[in-house]
Peer 1: 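Quick one: this structure, given as structure tokens, is what I'll be asking you about.
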Amino acid sequence: MKVKGFLKDVGGASRVTKARLAAFAGASSRPETVDPIADVARAWHPGRLELKVTQIRPASPTAKTVRFVRADGQELPYFYAGQYIALEFPMGSAVISRPYSLSSAPYQARGAEGFAEITVRRSRGDGFVADYVNDTLKEGDTVFGTMGCGQFYYEPLRDSKNIVALAGGTGITPFVSMAKEIAHGTLDLDMTILFGSVRSDDIILKEELEACAGEHVHIVHVLSGDEEGWTGERGFLTADLIKKYSRGDATYFICGPQAMYTFLRGELEKLDIPKRRIRFEVFGTPKDITAFDGFPAEEKDAVHQLTVVRGIHEDVIPARACESLVTALERAGIRIQTSCRSGECGLCRTKVLSGHVFVCPEGDGRRAADKDFGYVHACSAYPVSDVKIKIPIL
Ligand SMILES: Cc1cc2nc3c(=O)[nH]c(=O)nc-3n(C[C@H](O)[C@H](O)[C@H](O)COP(=O)(O)OP(=O)(O)OC[C@H]3O[C@@H](n4cnc5c(N)ncnc54)[C@H](O)[C@@H]3O)c2cc1C
């Protein structure tokens, strides 16, 4: 039986070959220019885009929302509510990248009038790009960006339709995108958002969020500041508070400042929530890498030599131990592709040819083989000796 089946297959294959040869013989010698599959792939993943800022408006006393469209007038690529955009900002001779969650909804990006938005909070004096966006970026400017990045979105095969969102400060932005999509009827979920802010007069995107509240979106504001007259919830997002507002078998989405991640891990543990039901957005660049276990204390203020190999080209630049390899490259005006700046996406995967780096334990998204063969994600690797690396030419 098997032999017969095999012979049938061979016979079939030879007939296909004859048919193909006939098709080749009758085909035009001019190259085929229409490729509908490639067109769809390009529309979904157009890569790095030039974007034009069309509107900047306040999102709170300390934050601004920036709206942009494609500079070439084409439609923006598709993204999932919850994903981020990696934006590049020209600063002097350098190009600095930062990830920002999209605070607009996917449906708002569709059509000729489509747009996307980010909401960025000013720093407390130690910032760089956040203050550039708030003080210098203006309508009409163009920036480059790659959008539809990250894994922080509802995935029906994995997540419950009942979402509890735990947000702190600007960590609300991905949930605003989700809430808008739910309120618009294009995302079929129930979402309860526990939103921690410090003061009631500085709640980011408050009006836009409230406009989405309804049957499927519930918002609970929680103030950590000691404010008179506030009748809502107070304090941090504790286990008791999370339990009070959780119903049934929920998936917990968490986005906020780094200190909140550490705190919430402990609180969620108290509630015995299975790990598969807990989704953290990526950690971001640590505020202070020297505070992590394993970072050599004597390296705190050290500056090393970083040799950067690109093809046959070699540069030697200074690199602070307390800053990532990506930051050292950006300071020196050397371009490297980055997206998450959290060690997750791997876009800045780099070969370490010699020397030692400390890899941030919160951002070690490397594959096992990469660890064995001396690769790091440059956004989460910190030089603790003179180091030589090899990066692609951009
Ligand atoms: C997935 C994700 C989503 C995010 N979404 C949002 C959001 O919706 N809204 C929001 O406000 N934030 C968001 N963030 C945080 C955002 O990416 C930035 O970290 C934040 O805006 C602060 O940026 P900053 O440059 O001002 O400060 P930092 O990121 O803290 O950068 C300061 C650092 O820049 C470096 N630096 C200083 N000078 C130079 C120089 N000359 N050249 C090169 N480097 C230099 C130094 O290392 C310094 O410590 C998100 C982060 C992640 C990971």
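Since the structure is predicted, the reported quantities are computational estimates derived from the model, not experimental observations. As the structure lists them, so they are numbered: ligands from 1, and atoms in each ligand from 1.
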Peer 1: So, does Pro99 sit close enough to ligand 1 that a heavy atom of it is under 4.0 Å from the ligand?
Peer 2: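 Contact check Pro99 vs ligand 1: positive.
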Peer 1: How are the rings of Phe152 and Phe253 set relative to one another: parallel (under 30°), tilted (30 to 60°) or perpendicular (over 60°)?
Peer 2: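 Ring orientation of Phe152 relative to Phe253: perpendicular.
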Peer 1: Does Ile96 have a non-hydrogen atom less than 4.0 Å from ligand 1?
Peer 2: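 Distance cut 4.0 Å: Ile96 passes for ligand 1.
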Peer 1: If the cut-off is 4.0 Å to any non-hydrogen atom of Tyr84, which atoms of ligand 1 fall inside it?
Peer 2: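 Reading through ligand 1 atom by atom, the close ones are 1 (C).
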Peer 1: Atom 30 (O) of ligand 1: which of Arg124, Lys287, Lys64, Glu330 has the nearest heavy atom?
Peer 2: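 Among Arg124, Lys287, Lys64, Glu330, the closest heavy atom to atom 30 (O) of ligand 1 comes from Lys287.
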Peer 1: To check your reading of the model: name the closest protein heavy atom to atom 11 (O) of ligand 1, its residue, and the distance in Å.
Peer 2: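 Among all protein heavy atoms, the one nearest atom 11 (O) of ligand 1 is Arg121 N, 3.0 Å.
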Peer 1: Given side chains that start at C-beta, do those of Ser246 and Tyr252 come closer than 4.5 Å, heavy atoms only?
Peer 2: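 Side chain of Ser246 against side chain of Tyr252, heavy atoms only: contact under 4.5 Å found.
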Peer 1: Are any of the heavy atoms in Gly150 under 4.0 Å away from ligand 1?
Peer 2: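 Per 4.0 Å heavy-atom rule, Gly150 does not contact ligand 1.
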Peer 1: Is ligand 1 less than 4.0 angstrom away from at least one heavy atom of Arg320?
Peer 2: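 Under 4.0 Å: no for Arg320.
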Peer 1: Around atom CD of Glu298, are there more than 12 heavy atoms from other residues, nucleotides or ligands closer than 6.0 Å?
Peer 2: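 Result for CD/Glu298: enclosed.
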Peer 1: May I ask whether Ile118 places a heavy atom under 4.0 Å from ligand 1?
Peer 2: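 Under 4.0 Å: no for Ile118.
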Peer 1: Is the backbone N or O of Phe283 less than 3.5 Å from a side-chain atom of Gln258, with the two atoms forming a donor-acceptor pair by type?
Peer 2: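 Yes; judged by distance alone, with no hydrogens or angles, the pair exists.
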Peer 1: Which is it for Cys340 and ligand 1 at heavy atoms under 4.0 Å: side chain, backbone, both or neither?
Peer 2: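 Only the backbone of Cys340 comes within reach of ligand 1.
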Peer 1: Relative to atom 24 (P) of ligand 1, which among Phe128, Phe283, Phe152 owns the nearest non-hydrogen atom?
Peer 2: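 It is Phe128 whose heavy atom sits nearest to atom 24 (P) of ligand 1.
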Peer 1: Tell me which part of Ser123 gets within contact of ligand 1: side chain, backbone, both or neither, using heavy atoms under 4.0 Å.
Peer 2: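 Answer for Ser123: neither.
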Peer 1: Which ligand 1 atoms, with their elements, are less than 4.0 angstrom from a heavy-atom of Ser342?
Peer 2: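 Result: 53 (C).
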Peer 1: At a non-hydrogen distance cut-off of under 4.0 Å, which region of Thr119 contacts ligand 1 (side chain, backbone, both, or neither)?
Peer 2: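 It is the backbone that touches ligand 1; the side chain stays farther off.
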Peer 1: Is the shortest distance from a heavy atom of Arg341 to ligand 1 less than 4.0 Å?
Peer 2: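 No, that is not the case, since the closest heavy atom of the residue is not under 4.0 Å from the ligand.
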Peer 1: May I ask which of Phe89, Tyr100, Tyr132 has a heavy atom nearer to atom 12 (N) of ligand 1 than the others do?
Peer 2: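 Nearest heavy atom to atom 12 (N) of ligand 1 lies in Tyr100.
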Peer 1: Among all protein heavy atoms, pick the one closest to atom 35 (C) of ligand 1 and tell me residue, atom and distance.
Peer 2: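 It is Thr327 CG2, 4.0 Å.
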Peer 1: Give me the nearest non-hydrogen protein atom to atom 8 (O) of ligand 1 as residue plus atom name, then the distance to 0.1 Å.
Peer 2: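 In this structure, atom 8 (O) of ligand 1 has Thr173 OG1, 2.8 Å as its nearest protein heavy atom.
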Peer 1: Less than 6.0 angstrom separating the ring centers of Tyr154 and Tyr80, yes or no?
Peer 2: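 No, too far apart.
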Peer 1: Tell me if the NZ atom of Lys243 is crowded by more than 12 foreign heavy atoms within 6.0 Å.
Peer 2: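 Open: at most 12 neighbouring heavy atoms sit under 6.0 Å from NZ of Lys243.
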Peer 1: Taking Thr338 as the fixed residue, which of Thr327, Val326, Leu347 is the one that meets the side-chain contact (heavy atoms from CB on, under 4.5 Å) rule?
Peer 2: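 Going through Thr327, Val326, Leu347 one by one, the side-chain contact (heavy atoms from CB on, under 4.5 Å) with Thr338 is satisfied by Val326 alone.
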Peer 1: Do Thr170 and Tyr100 pass the side-chain hydrogen bond (donor to acceptor under 3.5 Å, both in side chains) test, and can you show the C-alpha distance, the side-chain angles, and the key distance before you say yes or no?
Peer 2: CA-CA 10 Å; Thr170 53; Tyr100 288 103; over 6 Å; no
Peer 1: Have a look at His216 and tell me which of Asp188, Asp190, Thr192 forms a side-chain hydrogen bond (donor to acceptor under 3.5 Å, both in side chains) with it.
Peer 2: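 The single option meeting the side-chain hydrogen bond (donor to acceptor under 3.5 Å, both in side chains) with His216 is Asp190.
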Peer 1: Does Ile37 have more than 12 heavy atoms from other residues, nucleotides or ligands lying within 6.0 Å of its CD1?
Peer 2: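 Incorrect, the count does not exceed 12.
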Peer 1: Identify the heavy atoms of Asp315 and Arg310 that sit nearest to each other, and give their distance.
Peer 2: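 Shortest heavy-atom contact: OD2-NH2, 2.8 Å.
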Peer 1: Is it the side chain (CB and beyond), the backbone, both or neither of Val129 that lies under 4.0 Å from ligand 1, heavy atoms counted?
Peer 2: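 For Val129, backbone and side-chain atoms both sit under 4.0 Å from ligand 1.
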Peer 1: Which heavy atom of Leu194 sits nearest to which heavy atom of Leu241, and what is that distance?
Peer 2: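 In terms of heavy atoms, the two residues are closest at CD1-O, 4.1 Å.
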Peer 1: Which of the numbered atoms in ligand 1 are below 4.0 angstrom from a heavy atom of Glu281?
Peer 2: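 Per the distance check, 1 (C).
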Peer 1: Short list, please: which atoms of ligand 1 are under 4.0 Å from a heavy atom of Val282?
Peer 2: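 The atoms of ligand 1 under 4.0 Å from a heavy atom of Val282 are 1 (C), 53 (C).
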Peer 1: What atoms in ligand 1 come closer than 4.0 Å to a heavy atom of Val120?
Peer 2: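 Reading through ligand 1 atom by atom, the close ones are 11 (O).
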Peer 1: Can you find a heavy atom in the side chain of Asp131 that is under 4.5 Å from one in the side chain of Val133?
Peer 2: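 The answer is no; the side chains never approach within 4.5 Å.
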Peer 1: Near Gly127, which atoms of ligand 1 are under 4.0 Å from a heavy atom of that residue?
Peer 2: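 Taking each heavy atom of Gly127 in turn, ligand 1 has 26 (O), 27 (O) under 4.0 Å.
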Peer 1: Between the candidates Arg331, Arg98, Met91, which shows the shortest non-hydrogen contact distance to atom 19 (O) of ligand 1?
Peer 2: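 Comparing heavy atoms across Arg331, Arg98, Met91, the nearest one to atom 19 (O) of ligand 1 lies in Arg98.
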Peer 1: Take atom OH of Tyr78 as the centre, draw a 6.0 Å sphere, and report whether it contains more than 12 heavy atoms from other residues, nucleotides or ligands.
Peer 2: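 Yes, the 6.0 Å shell around OH holds more than 12 heavy atoms from other groups.
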Peer 1: For atom 5 (N) of ligand 1, what is the nearest protein heavy atom, given as residue, atom name and distance?
Peer 2: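 So the nearest neighbour among protein heavy atoms is Ser101 N, 3.1 Å.
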Peer 1: Among all protein heavy atoms, pick out the one at the shortest distance from atom 46 (C) of ligand 1; state its residue, atom name and that distance to 0.1 Å.
Peer 2: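 The closest one turns out to be Glu323 OE2, 3.2 Å.
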Peer 1: Could you pull out all residues at least two apart from Phe115 that satisfy ring-ring contact (aromatic ring centres under 6.0 Å, His included)?
Peer 2: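 Scan of Phe115 (ring-ring contact (aromatic ring centres under 6.0 Å, His included), adjacent residues dropped) gives none.
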Peer 1: Using distance alone, decide if ligand 1 has a nitrogen or oxygen within less than 3.5 Å of any nitrogen or oxygen in Ala130.
Peer 2: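 It does: an N or O of Ala130 is found under 3.5 Å from an N or O of ligand 1.
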